[in-house]
Amino acid sequence: MRRRGVSDNDMPSFSSGARWDASGIPDAALAALLAGAPPSPDESAPLQNVADVLAALRVAPLSDEVAGKAAALAQFRQQVDMSSQPNRSRRRRPTLLSSLLRAKAATAAAVTLVGMGGVATAAFADALPSSAQQLAHDTIGAPSPHAHSSAHASNNKKSDHGGTPVGPSASGSAAFGLCTAYAHAKQDGTAAQKAVAFRNLENAAGGAANVASFCASVPHPGASATPHSGPPTSHPTGRPTTHPTGRPTTHPTGRPTTHPTGPPGS
Amino acid sequence: MTKKVAIGCGLAAGVAILISVIGPGFADVLAAAQAGSDEAFTKLWLDANAALLRYLRVIAPLAADDIAADTWVHVIRGLPRFRGDEAAWRAWLFTTARRRTIDQARRRSRRAEEPIHSVHASELPATRDSADIALEHLTTRAAIAHLADLPPLQAEVILLRVVAGLDNQTVAKLVGRSPGAVRVAAHRGLRRLAQVLSEAGVTL
């Protein structure tokens, strides 16, 4: 095909001056080339050129195309090594996760315990609101809210006394212990006769001279004519109204030398 | 040249040695590679990497080597779970490469920066120095350059048919076009190539 109006001299790339048209190549020939079939020897030169280009694309690997072999093999080796230890790699993640969860759970439990401990402390200190205190009383044996008011009253009473020591009541259950301590203190010659507890004892006995006879009448707490059977039928209610304050200044030493001998109640 | 037979000297020796296809032994090679055999993996890699690079040097000339390495990282990771014959293997490999190329293009367009390296991997000095190898490179590089001058879809489908060895149906699936559109694109590309070569008087 010639281009009209253009001289052959102006078209240096076409030696013949004729322009070959690739649209004439049959689809079958192109399909064969794509499928890798070698072109038949009688194919036109342009189609042979295409076949050569495609063949050049198929040549065996060149040196620069295999340069990455070592890196690829190292990558492969690393992957194989990782997956050859499935137990370790699979277990490690859950272990990390579960240990984190365990740590969190432990922290939460500790916080809860601290919180509960605080509540329990408050309950036994009788410092909760009335309803909460009642709940604590029912569940963990903390003082009842009714005792709460008497405790306050006691506190008020104590503050009225201006902090004066009260000591144990010698007329109550502490009598036997006081008597024992008194006897020891007297025996050793170190009796702090001015101690509040001993003053109470003397008051209960009606004077220092009567302490010995008073103490002789105090029953031994362990000697009971009728041994206990079953739980006690009655319990003390409320908190004690008086409390010993401060540490005792004297301590009993040695074993008691005298013991109550009569049956309780005598 | 020591291992001329193993490497092949292509057109320089007058014989076009095609990129090998493992063939009937593929299942065994694949199974061995999946079991961790270095030798089997090397066989798979040697069989496919050159084809991969030639494809990538046309569709992503500035990042072909990086994308090829990235493709192998993904393929190695997925290798134990791969199931299929050699055609499926090649389809998977080139599908992975294509996805890596698209990801790379997205990252590149986000960064909108100039490529750092302008030296093409194929321009690096070869380890073997012989006239045969030089001609070999020139020929293959010239062929890649001719393909790169074609419209992108035409070049890509020709490469996937010729270099990757995939059939028309597989290529259609891979590029997301109908088989008819792929066939037309491939034929148009070859006709265009024939026209260019004829007009330029170029022979390899």
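Chain identifiers are assigned alphabetically (A, B, ...) following the order of the sequence lines, protein sequences preceding nucleic acid strands; residue numbering begins at 1 within each chain. Fair warning: this is a prediction, and the values are worked out from it, not measured in the lab.
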Closest non-hydrogen atom pair between B:Leu197 and A:Val50, with its separation: CD1-N, 3.8 Å

Among B:Thr42, B:Leu159, B:Val157, residue most engaged with chain A (heavy-atom pairs, under 4.5 Å): B:Thr42

Donor-acceptor pair, side chain of B:Asn49 and main chain of A:Val66, under 3.5 angstrom: no

Region of A:Ala31 that comes under 4.5 Å of a non-hydrogen atom in chain B: both

Pairwise side chain to side chain donor-acceptor pair (under 3.5 Å) hits with a residue in residues 178-191 of chain B, at least two apart: A:Asp27-B:His187, A:Asp27-B:Arg191

Sub-4.5 Å side-chain heavy-atom contact between A:Leu34 and B:Asn168: no

Worked verdict on B:Thr139 versus A:Asp52 for side-chain contact (heavy atoms from CB on, under 4.5 Å): CA-CA 9 Å; B:Thr139 308; A:Asp52 286 346; over 6 Å; no

Heavy-atom contact with chain A under 4.5 Å, split by part of B:Leu53: side chain

B:Gln34 CD to A:Ser83 OG distance, which is reported to the nearest 0.5 Å: 11.0 Å

B:Trp45, B:Phe41, B:Trp72 screened by ring pair (Phe, Tyr, Trp, His ring centres under 6.0 Å) with A:Phe76, the one that passes: B:Phe41

Under 3.5 Å: donor-acceptor pair, side chain of B:Gln195, backbone of A:Ala22: yes

From B:His74 atom NE2 to A:Gln75 atom CD, the distance as rounded to the nearest 0.5 Å: 10.5 Å

Gap between atom CG of A:Leu30 and atom CZ of B:Arg161 - 0.5 Å precision: 11.0 Å

Between OG1 on residue B:Thr140 and CZ on residue A:Arg58, distance to nearest 0.5 Å: 12.5 Å

side-chain contact (heavy atoms from CB on, under 4.5 Å) assessment of A:Val80 paired with B:Asp38: CA-CA 10 Å; A:Val80 168; B:Asp38 287 0; 5.8 Å; no

Region of B:Ser37 that comes under 4.5 Å of a non-hydrogen atom in chain A: backbone

Residues B:Arg54, A:Val59; criterion side-chain contact (heavy atoms from CB on, under 4.5 Å); working and verdict: CA-CA 11 Å; B:Arg54 290 170 198 179; A:Val59 295; 3.7 Å; yes

Proximity breakdown for B:Leu79 and chain A, heavy-atom pairs closer than 4.5 Å: side chain

Minimum heavy-atom distance A:Pro46-B:Ala194, with the two atoms named: CB-O, 4.0 Å

